[in-house]
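The structure appears below as structure tokens.
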Amino acid sequence: MQVFKVVLELPEWVGKVLENAPSMYPTIEARMQLVVELSRRNVQYETGGPFGAAIFNVQTNQLVAPGVNLVVSANCSIAHAEVLAIMLAQQRVGHWMLGSSGMSPYQLVTSAEPCAMCLGAVQWAGVGSLVCGAREEDARRIGLDEGLKPTHWVEGLQGRGIGVIQDIGREEASSILFQYHERGGIIYNGR
């Protein structure tokens, strides 16, 4: 019988960034700074697309799991920063639902608003809140296709009990998108 296996590893530089990072992130601005730095390094080292994400424990203010976009380097269209951060966080806490009864609340911080796929992942991950940097239109401006998302996706998440905060560090986060484009980064899902 043939065995199939999927292995996705964050680039080695992620560990080095985290070695020098603070142990606690008490504000959403501090959390976004880390996420934007992850997206910046992903562009700098050419290890993926211009996106970073992370899951934080809201009670302890600690990083649970980072994520960066690995679509091109892993040859995997679903290897988005948000998806990797969610997967790693669920493995670290030992549960497929981050919002399970008795667990601390978790927050997903991402350098850009979620695409259609990541929007679906956010709904099923169990996070209590989502913090976004760049807007969807910033990603579209460089040619990325964000997929078919409901017009009122923020209200939809809020209706499911998931808080949404937009535009935290938007200028810096969107500048990473433009740097990626200017450097000739692959627009892997453009239409």
Side-chain angles (χ1 to χ4, degrees), residues 27-44 46-56 65-74 76-89 98 106-191:
T27 66
I28 57 175
E29 291 81 10
R31 295 171 190 167
M32 184 60 73
Q33 282 181 322
L34 173 65
V35 166
V36 168
E37 183 61 22
L38 292 173
S39 66
R40 176 182 289 110
R41 297 279 181 112
N42 214 31
V43 172
Q44 176 186 349
E46 299 180 347
T47 48
F51 301 102
I55 301 278
F56 295 89
V68 294
N69 180 288
L70 299 178
V71 170
V72 174
S73 60
C76 181
S77 64
I78 63 170
H80 288 203
E82 299 93 331
V83 171
L84 269 67
I86 290 167
M87 290 169 51
L88 289 169
L98 294 174
Y106 293 96
Q107 181 175 73
L108 172 61
V109 179
T110 181
S111 63
E113 291 177 345
C115 68
M117 177 185 66
C118 293
L119 180 61
V122 167
Q123 295 174 69
W124 303 125
V127 295
S129 59
L130 170 67
V131 178
C132 308
R135 289 276 182 136
E136 177 180 347
E137 56 262 30
D138 300 328
R140 288 188 187 278
R141 205 169 291 131
I142 69 163
L144 289 166
D145 180 1
E146 296 298 279
L148 300 173
K149 287 174 35 179
T151 304
H152 302 289
W153 65 271
V154 171
E155 294 82 359
L157 288 181
Q158 291 170 336
R160 290 176 164 267
I162 302 169
V164 178
I165 302 169
Q166 296 170 286
D167 298 331
I168 301 300
R170 180 181 180 185
E171 187 175 321
E172 189 176 6
S174 62
S175 75
I176 305 302
L177 298 172
F178 300 119
Q179 288 173 23
Y180 179 76
H181 183 28
E182 289 170 3
R183 291 177 66 143
I186 296 171
I187 304 300
Y188 47 84
N189 68 347
R191 294 269 178 226

### Query
If we only count heavy atoms from C-beta on, is the W153 to V164 side-chain gap below 4.5 Å?
yes
### Query
Within a strict 4.5 Å, meaning less than it, do heavy atoms of the M32 and E172 side chains meet?
no
### Message
Is it the case that the side chain of E136 and the backbone of E113 share a donor-acceptor pair, with hydrogens and angles ignored and the cut-off at 3.5 Å?
### Response
no
### Task
Please report the C-alpha distance between V109 and I28 in whole Å, then the side-chain angles of each, then the deciding distance to 0.1 Å, and finally whether the side-chain contact (heavy atoms from CB on, under 4.5 Å) criterion is met.
CA-CA 8 Å; V109 179; I28 57 175; 5.7 Å; no
### Task
Quick one: closest heavy-atom pair of A125 and I86, and the distance?
CB-CG2, 3.7 Å
### Task
For the pair Y180 and L144, evaluate side-chain contact (heavy atoms from CB on, under 4.5 Å) and give the outcome as yes or no after the intermediate values.
CA-CA 11 Å; Y180 179 76; L144 289 166; 5.7 Å; no
#### Entry: From CA spacing to verdict: side-chain contact (heavy atoms from CB on, under 4.5 Å), R31, V131
CA-CA 9 Å; R31 295 171 190 167; V131 178; over 6 Å; no
### Query
Should E37 and R41 count as an ion pair when the cut-off is N to O under 4.0 Å?
yes
### Task
Taking atom CD1 of I165 as the centre, report whether more than 12 heavy atoms of other residues, nucleotides or ligands fall under 6.0 Å from it.
yes
### Message
Working to the nearest 0.5 angstrom, can you tell me the gap between D145 CG and I187 CD1?
### Response
11.0 Å
### Task
Would you indicate whether the side-chain heavy atoms of L108 and V122 approach each other to under 4.5 Å?
yes
#### Entry: Considering all heavy atoms, the nearest A65-L88 contact
CB-CB, 3.6 Å
### Query
Which atom names give the shortest non-hydrogen contact between C132 and A112, and what distance separates them?
CB-C, 4.4 Å
### Message
Check this for me, if you would: do D138 and R141 make a salt bridge, where the nitrogen-to-carboxylate-oxygen distance has to be below 4.0 angstrom?
### Response
yes
### Query
Can you list every salt bridge (Lys or Arg N to Asp or Glu O under 4.0 Å) pair that touches residues 150-163, not counting sequence neighbours?
none
### Message
Can you give me the closest heavy-atom contact between V127 and I162, atom names plus distance?
### Response
O-CG1, 3.6 Å
### Task
Determine the minimum heavy-atom distance between L177 and A134, stating which atoms define it.
CD1-CB, 3.9 Å
### Task
Kindly give the heavy-atom pair with the smallest separation between V35 and S111, and that separation in Å.
CG1-N, 3.3 Å
